[in-house]
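Reviewing the structure listed below.
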Amino acid sequence: MPTISRFAVEKGSYYRPSDNTVKTKAFLPKDGATSVFRLGDMSHAQRMAHGSLHVGRARQKAVLGYAQVASSAVTECALTLLQSEPPPLHWNIEAWPDDEDAQKALALELATRAVFVPA
Amino acid sequence: MRIVQQDLPLGIRFSGALASTAGMEVLKRIDMIEKHLGAPVAAYGDSWRLRDELSRVAADATEDDWDGDGSLALGVESLESATDLISVLPPGFPLPDVDVGRRGELMLEWRTGNRAALVLSLYPDRSIGYAVVRGQARSFGREPFLGFLPEVVLLHLRSITH
């Protein structure tokens, strides 16, 4: 099943460390898009290395893990996934509604379908 | 810019540079929260976690771009609304996770099951946004906050907690 990964660098902001469930904020868009990666059949170690290189280094923070959700969940929310390289394998979730609360409902939907995979 | 290091009223130790009066105002509000929440939330028996979350996010979000991802600093008005809202939550409800949204609004999030979750957003204009997922259903909206929980918010809160 194809998945997307959203890397986290802030403890507790994107996920609940107590049970590794994902929070709404993990998927909220910034400037109309949510930055994710499609990492195919990469291993966990390869995913973490990719995130550290392309997210952690840019933010000057350690990558703590990633929220992972099926790509199909995005389209089922009437959102779109568009390839946006560089960095490699980077995609954006786009077509968010303008209404902030509508955005949060969709981000919440994705969050409830996602799991957080810690480093 | 002033370097401060102090023990905040909620038991956290803050050390860092506060570059804005807004940041200082948020820290003052933490003191207000403690005073405001002391009595009512104690009845929930889980007040320590809410205090911890509020103090954590307030101390983290005193400056724009506090998360390195462009989010605005926590707005004092949002913190004030959250304080008021939490004080009118019915006794016995589970306490929410607390986060700061991209526009500096406080977000209270309940996750009570695999497909049962609610997010309330406290906006600077004292409106409450809600977004809820329950089973296959999803809804959202916004209501004015007039000092009590709007009926629709209360219904959604009950729907995911009972």
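Below, each value reflects all heavy atoms present in this structure, side chains not excepted, and no hydrogens, waters or symmetry copies. Chain letters run A, B, ... following the sequence lines, proteins first and then strands; every chain starts at 1.
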query = Where is the tightest heavy-atom contact between Arg111(B) and Ala111(A), given as atom of each residue plus distance?
reply = NH1-O, 3.9 Å

inquiry  = Surrounding CZ of Arg126(B) (heavy atoms of other residues, nucleotides or ligands, distance under 6.0 Å), is the total greater than 12?
reply    = yes

query = Picking from Gly113(B), Gly101(B), Ser121(B), which has the most non-hydrogen pairs under 4.5 angstrom with chain A?
reply = Ser121(B)

inquiry  = Once rounded to the nearest 0.5 Å, what's the spacing between atom CE of Met107(B) and atom CG of Leu28(A)?
reply    = 5.0 Å

query = Do Leu110(A) and Phe116(A) sit in the same hydrophobic cluster, where Ile, Leu, Val, Met, Phe, Trp and Tyr count as joined when their side-chain heavy atoms come under 4.5 Å apart?
reply = yes

message = Using heavy-atom distances under 4.5 Å, tell me whether Val115(A) contacts chain B through its side chain, its backbone, both, or neither.
response = neither

query = Side chain, backbone, both or neither: which part of Ser139(B) has a non-hydrogen atom closer than 4.5 Å to chain A?
reply = backbone

task = Quick one: do Arg138(B) and Leu106(A) satisfy side chain to side chain contact (heavy atoms under 4.5 Å, CB included)? Show the steps, please.
result = CA-CA 8 Å; Arg138(B) 183 172 68 231; Leu106(A) 295 173; 3.6 Å; yes

message = Looking at Gln60(A), I'd like to know if its CD atom is crowded, meaning that more than 12 non-hydrogen atoms belonging to other residues, nucleotides or ligands lie closer than 6.0 Å.
response = no

task = Let me know if Ala107(A) has heavy atoms under 4.5 Å from chain B in its side chain, its backbone, both or neither.
result = neither

query = Taking all non-hydrogen atoms of both residues, which atom of Ala131(B) and which atom of Leu108(A) are closest, and how far apart?
reply = O-CD2, 3.4 Å

key: chain B contact via Lys23(A) - side chain, backbone, both or neither, heavy atoms under 4.5 Å   = both

key: Shortest non-hydrogen contact from Asp101(A) toward Gly129(B)   = OD1-CA, 3.3 Å

inquiry  = Please check if the number of heavy atoms outside Asp98(A) that lie under 6.0 Å from its CG is greater than 12.
reply    = no

request  = Decide if atom CZ of Arg16(A) counts as having more than 12 heavy atoms of other residues, nucleotides or ligands within a radius under 6.0 Å.
outcome  = yes

request  = Inspect the contact between Asp99(B) and Lys25(A) and indicate whether a charged nitrogen and a carboxylate oxygen are less than 4.0 angstrom apart.
outcome  = no

key: Ion pair check, Glu100(A) and Arg103(B), cut-off under 4.0 Å   = yes

task = Please look at Glu109(A) and chain B and tell me whether the side chain, the backbone, both or neither of the residue comes under 4.5 angstrom of a heavy atom of that chain.
result = both

message = If I measure from the heavy atoms of chain B, does Asp99(A) come under 4.5 Å with its side chain, its backbone, both, or neither?
response = side chain

message = Does any backbone or side-chain atom of Tyr130(B) lie under 4.5 Å from a heavy atom of chain A? Answer side chain, backbone, both or neither.
response = backbone

inquiry  = Taking Glu109(B) first and then Lys104(A), would you say they form a salt bridge - that is, a charged N and a carboxylate O separated by under 4.0 Å?
reply    = no

request  = Let me know if Val132(B) has heavy atoms under 4.5 Å from chain A in its side chain, its backbone, both or neither.
outcome  = backbone

